[in-house]
Amino acid sequence: MSGRGERATDRCGPVLLGVRHHGPGSARAVRAALEQCTPAAVLIEGPPEADELVPLAAHEEMRPPVALLAHAQDDPGRAAFWPLAEFSPEWVAMRWALEHGVPVRFIDLPAAHSLAGGDDGETVDEETGEQGAGDQETGEQGSGAAEVRIDPIGVLAETAGYDDPERWWEDVVEHRGGGGAGADALAPFAALAEAMAALRETYGDGGHDRDPVREAHMRLRLRAARKEFGDDLAVVCGAWHVPALAQRTTMTADRQLLKGLPKAKAAVTWVPWTHRRLSRRSGYGAGIASPGWYGHLFSAPDRPVERWLTKVAGLLREEDYAVSSAHVIEAVRLAEGLATVRGRPLAGLTELDDAVRAVMGDGTDAPSLLIHDRLVVGEVLGEVPEDAPAVPLQRDIARSQRTLRLKPEALERELELDLRKETDAGRSRLLHRLRLLGIPWGEPTRSRGSTGTFRETWRLRWEPELAVRVAEAGIWGTTVLSAATAKAASEAAGAAHLAEVTALAERCLLAELPDALPVVMQALSDRAALDADVGHLAQALPALVRSVRYGDVRGTDAAALREVATGLAERVFVGLPPACPGLDADGAADMRGHLDATHQAVGLLGQPDTERRPEGNGLRTRWAGVLRAVSERDTVPGLLRGRATRLLLDDGELGDGGAERLMGLALSPGTPPTDAAGWIEGFVGGGDGGMLLVHDERLLALVDGWLTGVPDAAFTDVLPLLRRTFAEYESGVRRTLGELVRRGPATVPRHPAGDAPDAAVPGFGPGLDRDRAAAVLPTLRMLLGIGQHGFGDDPPESPRPADDLTGART
């Protein structure tokens, strides 16, 4: 290593440029050092399998942030990332070498060893797709549970009197200006190497157990490069590794350290990355807290504080904050003043955030949160050229994205699809097929507009780790269609429960996989024939019926599905009544869910369309018979009898007074209070049950009469059930019911309409206040656009308000 202050022309041996990964100050220093040294070759810390991918970094379609992705070919889920941003020293060194025609070699431990190494840090967590901390270890950041695992930057910062390692690094490196014309570009690297040598002398490998193996391989690669290119080399690596690379060791000793390492066949390519995945909160061990800010520091030609606050002002104006040029000027002054008071060479994010909060945010944190998400971290998504190696499935996805004009974006957005349009239908197919393959680029969400089956709403966001999911899914086929078809068939064969197969049939129809559907249907028929559990059948029926409906909307032939769904419904009709008696509270609650699900499914399956679907009315009629059998059987729990009664009432299957008769029987004195309370919960439970009691006061009178007659000893048992039932109602419904109960039942007998116009309504309430009702008539006439007394001319004599009320009722 060249000495401190030593000129490039006086150096001897390779130049070791110790850096911090993703540091703009380190990146600028590396570029200056390369310009001064003009080496014959550049060696970079990274997987050697990526040497052939280096030329793609100069491609016009390559836009950082990007990452080198390595995965085991026999197990694509085992993968590792090496992210690079435009301000990463490795990226700057690579681009400099390509611009000057200088060879580039990667010298870190091969991915073939890392991916075969069990729990090594370079393997990706299969849940998050993110890289472990040990993989692209900065050397400046230790992150381990062992007490001997040191943080070199933390030690140096503490020695310098700083309590924040990040702030110290920014002050001495990231915020440091250039040395000016004639300055030695290698001096900072010599000083940092000296500091790291002192730390390595004190702490050894600092608890980084993998480093000796990695550094042995780097030394071997460095020796090979010296034989090939001579000593005129530049090595860009983590500063922590510099003393180890400068150490004199024998080739035999280094090879001994590498002996016996496990090995796997690895594939390497470039993939897009995001600023958010570079941030520490993403879980990436060598990440940085503020990639957007670091990118600004690297790209700003001058006056970084003024340019940053101008960006901030532009963002706040877009969000309708009242920010002027005067605010920017005052914020610059305040930030620079704070930096001076705090002894910093340049205002950092802490000073800028304080200035924005005080000047532009009126002392609130709302602007700061917005600035952090949009600027400090940012939503930048890199781009990779089509020439980059990729599995065939990835290429097919890229072709589909271009054809459907569905560009991947790092920023989450909603996409509304109208399935009646060809392009939107194609987008829906692609997104559903990718979900089936385990590539969740989009997630379905509730539409804010129409709820028709022809409309879908998706929430899209492209995450870098989806590249690993694509590689994993590549084992199923070379195109999205073939891969989704093969996986659906495999899942159908391995499904253990009937509900799994029906859900899969629904997904196949949504994804339009005609070749997979026969396989899924065969599996569905086989499992339906063997499964005698009514709960399983009822649980499977709704998804199957939805699939029939989707087939209609998407123009898919769903005749086979309809036949299976009809047969499944028939089996539920036969098995449900015998399955209801004798259930405990939990079993009754589960069966109530099956009752509701079957009712909804029959309503969809049995649409009154006698021309095309003559079996529809028959299904609904038979289902009504099943509900009657459940509602009238004493051995069935009250919860189920009440729910069956309610479903019959909603469908108009109970004649005049039918609901009152069944309620009267259920709430008779001989019925146990807890069973009666369960009947009430089943009948009026749910969000709309309260409105039924509000509008049918006779039913409310029955409930009130039963409740007042509950013995004191049983009241504490039924109270939790009733409280749970009535707590589901909206506050306005509960208030109305309370008013009705407070007034008490009316005592005036019921008369036919017109015989006693002043009589009270049946049930609760004092009767109709005719004068108060007549007071709204002028406003009502004006809203309806009618005359004073009707749609014709006004009569010569105005009637009394009470006489006019008959017209208001009409």
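- Distance check: Thr445 OG1 to Leu460 CG gives 11.0 Å after rounding to the nearest 0.5 Å.
- With sequence neighbours left out, Ala300 forms a side-chain contact (heavy atoms from CB on, under 4.5 Å) with His296, Pro304, Arg307.
- Proximity of Glu414 to Thr457: side-chain heavy atoms (C-beta onward) are separated by under 4.5 Å at one or more points.
- If you check the side chains of Glu456 and Trp458, you find a donor sitting under 3.5 Å from an acceptor.
- Other residues, nucleotides and ligands place more than 12 heavy atoms under 6.0 Å from the CD atom of Glu99.
- A salt bridge links Arg277 to Glu465: one of the charged nitrogens lies within less than 4.0 Å of a carboxylate oxygen.
- Residues passing the side-chain hydrogen bond (donor to acceptor under 3.5 Å, both in side chains) test with Gln394: none are found, sequence neighbours excluded.
- In this structure, Thr38 contributes its side chain and Glu35 its backbone to no donor-acceptor pair below 3.5 Å.
- A salt bridge does not link Arg276 with Glu412: every distance from a Lys NZ or Arg NE/NH1/NH2 to an Asp or Glu carboxylate oxygen is 4.0 Å or more.
- Distance check, rounded to the nearest 0.5 Å: OG1 of Thr310 to CG of Leu315 gives 12.5 Å.
- Under a 4.0 Å N-O distance rule, the pair Glu319/Arg374 qualifies as a salt bridge.
- For the atom pair CZ of Phe189 and OG of Ser26, the computed distance is 6.5 Å after rounding to the nearest 0.5 Å.
- Distance check, rounded to the nearest 0.5 Å: CG of Leu192 to CG of Leu16 gives 11.5 Å.
- Residues Arg95 and Glu90 have side chains not in contact (no heavy-atom distance under 4.5 Å, counting atoms from C-beta outward).
- Across every non-hydrogen atom of Leu17 and Val15, the tightest pair is CD2-CG1, 3.4 Å.
- The aromatic rings of His275 and Phe87 sit tilted, their planes meeting at an angle between 30° and 60°.
- Between Val380 and Trp273, the closest side-chain pair of non-hydrogen atoms is not below 4.5 Å.
- With rounding to the nearest 0.5 angstrom, the CG atom of Leu370 is 9.5 Å from the CD atom of Glu318.
- Between the CG atom in Asp387 and the CD atom in Glu61 there is a gap of 7.0 Å [rounded to 0.5 Å].
- Two residues are said to be in side-chain contact when any heavy atoms from C-beta on lie closer than 4.5 Å; Leu245 and Cys237 meet this criterion.
- Judged by distance alone, the side chain of His327 and the main-chain N or O of Val323 form no donor-acceptor pair under 3.5 Å.
- Looking at Ile107 and Pro48, their side chains never come closer than 4.5 Å, going by heavy atoms from C-beta outward.
- If you check the side chains of Asp211 and His241, you find no donor sitting under 3.5 Å from an acceptor.
- A salt bridge links Glu409 with Arg413; the closest basic N to acidic carboxylate O contact falls under 4.0 Å.
- Glu351 places a side-chain N or O within 3.5 Å of a backbone atom of Gly348 that can act as its donor or acceptor partner.
- Between Glu330 and Arg333 there is a side-chain heavy-atom pair separated by less than 4.5 Å.
- Ala97 pairs by the side-chain contact (heavy atoms from CB on, under 4.5 Å) definition with Val42, Val102, Val104, not counting sequence neighbours.
- Judged purely by atom type and a 3.5 angstrom limit, Arg344 has no side-chain atom pairing as donor or acceptor with the backbone of Val341.
- For Arg221 and Asp51, the salt-bridge test passes: some basic side-chain N is under 4.0 Å from an acidic carboxylate O.
- For the pair Leu352 and Trp293, the minimum side-chain heavy-atom distance is below 4.5 Å.
- No side-chain donor-acceptor contact under 3.5 Å links Asp108 and Trp82.
- Cation-pi geometry between Arg461 and Trp441 is not met at under 6.0 angstrom from the ring centre and within 45 degrees of the axis.
- At a threshold of 4.5 Å between non-hydrogen side-chain atoms, the residues Leu53 and Pro389 count as touching.
- By the 4.0 Å N-to-carboxylate-O rule, Glu443 lies too far from Arg459 to be salt-bridged with it.
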